[in-house]
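This report refers to the structure that appears directly beneath it.
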Protein chains: 2
Amino acid sequence: MLTKWGRMSTPAPRPPRSGTPANDARTEAVANRFNSIAIHLVRRLRRADEALGVTPSRLSALSVLVFGGPRTLGELASAEAVTPPTMTRIVAALEAAGLVSRAGDASDRRLVRLEATPEGRRLMQRGRAQRVERLARELRALSADELETLEHAASIFERIEGDRPIG
Amino acid sequence: MLTKWGRMSTPAPRPPRSGTPANDARTEAVANRFNSIAIHLVRRLRRADEALGVTPSRLSALSVLVFGGPRTLGELASAEAVTPPTMTRIVAALEAAGLVSRAGDASDRRLVRLEATPEGRRLMQRGRAQRVERLARELRALSADELETLEHAASIFERIEGDRPIG
DNA sequence: GACAGGTCGTTAGCCATGCTAACGAAATGG
DNA sequence: CCATTTCGTTAGCATGGCTAACGACCTGTC
């Protein structure tokens, strides 16, 4: 369930591996906990990104271009799981900031191809540490085992979400 | 770094337990990955909550009242890590929906005390499964070990964030 | 070649949620 | 009593979600 940090500290019981109702309750509890965690992480992220002068959604889109390479606006919208009008707006801001450049497509004149500018790339590199400094600082207090747990959990989430077509 | 799911699959090296630069890079990488995960989870959550007719931020605040008990508006804002004006607006919507009730405080007339209504409580219970059904469904494909990893990771995050005063 | 249907990105409008600035009411402390 | 602090609200702005509508372009069929 969606609730405050620390309120979900009731550990779910260990069910068998099969998809039993108890297992369903367990996965639901996990999903609820991470939904709450996500909301608070995004709020934290928003505050950290203020120092960079770029918002989380914009940086997320820029990151796709920087690390995933150039793509069309529709592909970027799909990759970021938002509608094209939303991405149009985000890209317009990135362009205005000189972080993304836009070009047509020779084979299909409807398409808008987007690419990170050198400045956009530099900002991703430079801002990388600043953006997550606060969270990273708190993660430093964790043991290596705990860090490994988080890394493993991150991989699980990325695998789940990675099922989506990248385009 | 903030990027698309599946792009952070490069495992960080295993550093020693001490706070070395390599460990700093590792925690930073973990922080970056979870920041990206959080953005996408919230987007997914937003779509799921549409069925309930209540937005994620509102449900998060309601959840605090339902499970954490009544509190002042300022306390709720603090618990949710937003400013009082923002919480004023969120609470106004919850009140309009009959999910939260407001009262004065006998010992300090400046204070506004908030409490979940029976309807708010019922909605939290009823909507619980619906809200995270999609993510929970995907988590069902995980092994028990993986679920345990996620549960452990959730507890770590909740501990980090739980350091904040609840008020 | 003509045309219907589909695709792409943009514009407009609406809503929600963050923030800051400003303010009035109430409480606190000297 | 009065200056300062605290609390919640209002107003304004920016951002980011969405849907609806539209024009430009592409594709497939006749």
Side-chain angles (χ1 to χ4, degrees), chain A residues 2 38-62 64 71-97 99-100 102-114 167, chain B residues 2 38-62 71-97 99-100 102-114 165 167:
Chain A
L2 243 198
I39 287 189
H40 288 87
L41 275 184
V42 166
R43 281 175 177 162
R44 177 196 289 254
L45 184 66
R46 189 187 315 277
R47 295 195 294 272
D49 281 342
E50 288 169 7
L52 274 185
V54 185
T55 65
S57 292
R58 294 176 192 176
L59 276 172
S60 183
L62 177 60
V64 171
R71 62 197 55 203
T72 66
L73 188 141
E75 285 168 344
L76 185 58
S78 180
E80 288 288 280
V82 298
T83 61
T86 300
M87 190 49 73
T88 296
R89 191 175 288 166
I90 292 174
V91 166
L94 289 174
E95 264 195 291
L99 305 177
V100 162
R102 160 193 306 250
D105 186 281
S107 61
D108 186 340
R109 292 187 30 213
R110 294 171 301 184
L111 298 183
V112 170
R113 300 207 70 83
L114 305 169
Chain B
L2 243 199
I39 287 188
H40 287 86
L41 274 184
V42 166
R43 280 176 178 163
R44 175 196 290 252
L45 185 66
R46 188 189 314 277
R47 295 194 294 271
D49 281 344
E50 288 170 6
L52 275 184
V54 186
T55 64
S57 292
R58 292 175 191 177
L59 277 172
S60 183
L62 176 60
R71 63 195 56 203
T72 67
L73 187 140
E75 285 168 345
L76 185 58
S78 179
E80 288 288 277
V82 297
T83 61
T86 301
M87 189 49 72
T88 297
R89 190 176 291 166
I90 292 174
V91 165
L94 289 175
E95 263 194 292
L99 305 177
V100 162
R102 160 195 304 253
D105 186 282
S107 61
D108 187 339
R109 293 184 31 211
R110 294 170 301 183
L111 299 182
V112 171
R113 300 207 71 83
L114 305 169

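So you know, we letter chains A, B, ... as the sequences are listed, proteins then strands, and number each from 1. Values in this document were obtained by computation on a predicted structure and should not be read as measured data.
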Fill in: Listed partners of B:R109 passing salt bridge (Lys or Arg N to Asp or Glu O under 4.0 Å), at least two apart
none
Worksheet item: What pairs with B:R89 under salt bridge (Lys or Arg N to Asp or Glu O under 4.0 Å), at least two apart in sequence or on another chain?
Response: none
Discussion item. Just to be sure I understand the geometry, which residues of residues 104-112 of chain B put a non-hydrogen atom under 4.0 Å away from DNA chain D?
Written reply: B:R110, B:L111, B:V112
If the condition is side-chain contact (heavy atoms from CB on, under 4.5 Å), which residues does [X] pass it with, not counting sequence neighbours?
| X | answer |
| --- | --- |
| B:R102 | B:V91, B:E95, B:V112, B:L114 |
| A:T72 | A:E75, A:L111, A:R113 |
| A:T86 | A:V82, A:T83, A:I90 |

Please give, in whole Å, the distance from [N] [atom2] to [X] [atom1]?
| X | N | atom1 | atom2 | value |
| --- | --- | --- | --- | --- |
| A:L76 | D:dG16 | CG | C1' | 14 Å |
| B:R102 | D:dC7 | CZ | C1' | 12 Å |
| A:M87 | C:dT11 | CE | C1' | 17 Å |
| A:E95 | C:dG9 | CD | C1' | 12 Å |
| B:E75 | D:dT6 | CD | P | 15 Å |

Worksheet item: For A:L62 and A:L99, which heavy atoms make the closest approach, and how far apart are they?
Response: CD1-O, 3.6 Å
Worksheet, complete the sentence: Nearest heavy-atom approach of A:E80 to A:S57 is OE1-O, 4.3 Å
Enumerate the protein-to-nucleotides 15-17 of chain C contacts in which both atoms are nitrogen or oxygen and the separation is below 3.5 Å.
{"from": "C:dA16", "atom 1": "O5'", "to": "B:R58", "atom 2": "NH2", "distance (Å)": "3.4"}
{"from": "C:dT17", "atom 1": "OP1", "to": "B:T55", "atom 2": "OG1", "distance (Å)": "2.3"}
{"from": "C:dT17", "atom 1": "OP2", "to": "B:R58", "atom 2": "NE", "distance (Å)": "3.0"}
{"from": "C:dT17", "atom 1": "OP2", "to": "B:R58", "atom 2": "NH2", "distance (Å)": "3.3"}
{"from": "C:dT17", "atom 1": "O4", "to": "B:R89", "atom 2": "NH1", "distance (Å)": "3.4"}

Discussion item. When you measure from the side chain of A:T88 to the backbone of A:P84, do you find a donor-acceptor pair of N or O atoms at a distance under 3.5 Å?
Written reply: yes
